[in-house]
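Below: one structure, written as structure tokens.
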Amino acid sequence: MKKKILLALSALFLLAAMTGCSNSQQSTEVEEVPQAVADLQHKIDKALESDPSYSDLLEIKEDYNDLLQAEQAQVKHYDEIENLFTISPQDVACIYAVNKLKVRLKYPTSLELLSANTVTDMSNGTVAVKLNYTASSALERSIEDDYYCLVYTPEFHESSQTWSCEFEENFSTSYSLEMFGGPTIEWAEWAYDDGTPEPIDTDKIMDNLDLSITEP
């Protein structure tokens with residue numbers, strides 16, 4: 001009788017040991033994460049805890065796209081990173097301003113955007129933009145300058161998935177007369193200086209210069 005009991009206990013112990021080993025192996029397999037996924041997850045977690053630059057977001061996006069589909073499924077909170085790529089009306093105002101500025105330059109491709117700031121006036125429905133930039137002059141020497149413009153707050157149209165933007169009328173009048181030696185862009189500069197500037201990521205602007213923007 002004692003032998004049967006001992007045999008039964010031994011069998012149970014062996015079964016428990018085998019089950020534990022199997023569970024341990026399964027647990028190890030579940031917890032195993034490719035290094036590329038682990039590295040990307042670290043970048044995502046760090047970005048969501050701070051205020052990441054647009055270049056940081058692009059790096060995360062590129063790393064994510066390099067993963068296999070099965071590996072992408074292991075990444076957490078990537079949808080929150082995607083939301084950070086959303087274009088704001090202030091972003092669009094700067095993109096619009098840069099494209100208008102490039103038309104004025106002798107060497108448009110030489111443009112380097114050093115900083116961009118906006119002042120939004122909700123009461124007037126306008127966005128004042130200040131761009132600090134460098135570009136090659138007529139003598140092919142690099143010059144640094146500020147460009148101001150005042151635009152109506154850009155609007156997004158769901159039906160066409162496009163933005164619309166245009167110069168504020170008073171600014172347009174001054175701008176058109178500038179080439180004839182008339183008023184300059186003092187109106188836009190005044191509107192900018194009258195508010196509190198909000199910095200805009202320059203990398204985000206330059207990466208989206210081909211954004212579809214219509215002019216009413």
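Bear in mind that the values here come from a model prediction, so they are computed numbers and not experimental data.
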With a 4.5 Å cut-off on side-chain heavy atoms, are [Y] and [X] touching?
X    : Y    : value
K43  : P52  : no
Y192 : N117 : yes
T134 : I143 : no
D146 : K130 : yes
Y147 : C149 : yes
E166 : V151 : no
V129 : L150 : no
H42  : I44  : no

| message | Give me each pair satisfying salt bridge (Lys or Arg N to Asp or Glu O under 4.0 Å) with a member in residues 70-99, each pair once, sequence neighbours excluded. | response | D91-K204

Taking side-chain contact (heavy atoms from CB on, under 4.5 Å) as the definition, give me every residue that meets it alongside [X], ordered by chain and number, with sequence neighbours left out.
X    : answer
E62  : none
K106 : A138
T120 : Q90, M122, V127
S55  : S53, D203

Joint hydrophobic cluster, [X] plus [Y], side-chain heavy atoms closer than 4.5 Å:
X    : Y    : result
V33  : L40  : yes
L114 : I205 : no
Y64  : F85  : yes

| task | State, to 0.1 Å, how close I95 and N208 come at their nearest heavy-atom pair, and which atoms those are. | result | CG2-O, 3.5 Å

| task | Check the surroundings of atom CD in Q72: do more than 12 heavy atoms from other residues, nucleotides or ligands lie under 6.0 Å from it? | result | yes

| query | Would you say D51 has more than 12 foreign heavy atoms packed within less than 6.0 Å of its CG? | reply | no

Can you give the donor-acceptor pairs under 3.5 Å from side chains of residues 209-216 to other protein atoms, not counting sequence neighbours?
from	atom 1	to	atom 2	distance (Å)
T214	OG1	W163	O	3.3
E215	OE2	Y96	OH	2.5
E215	OE2	K100	NZ	3.0

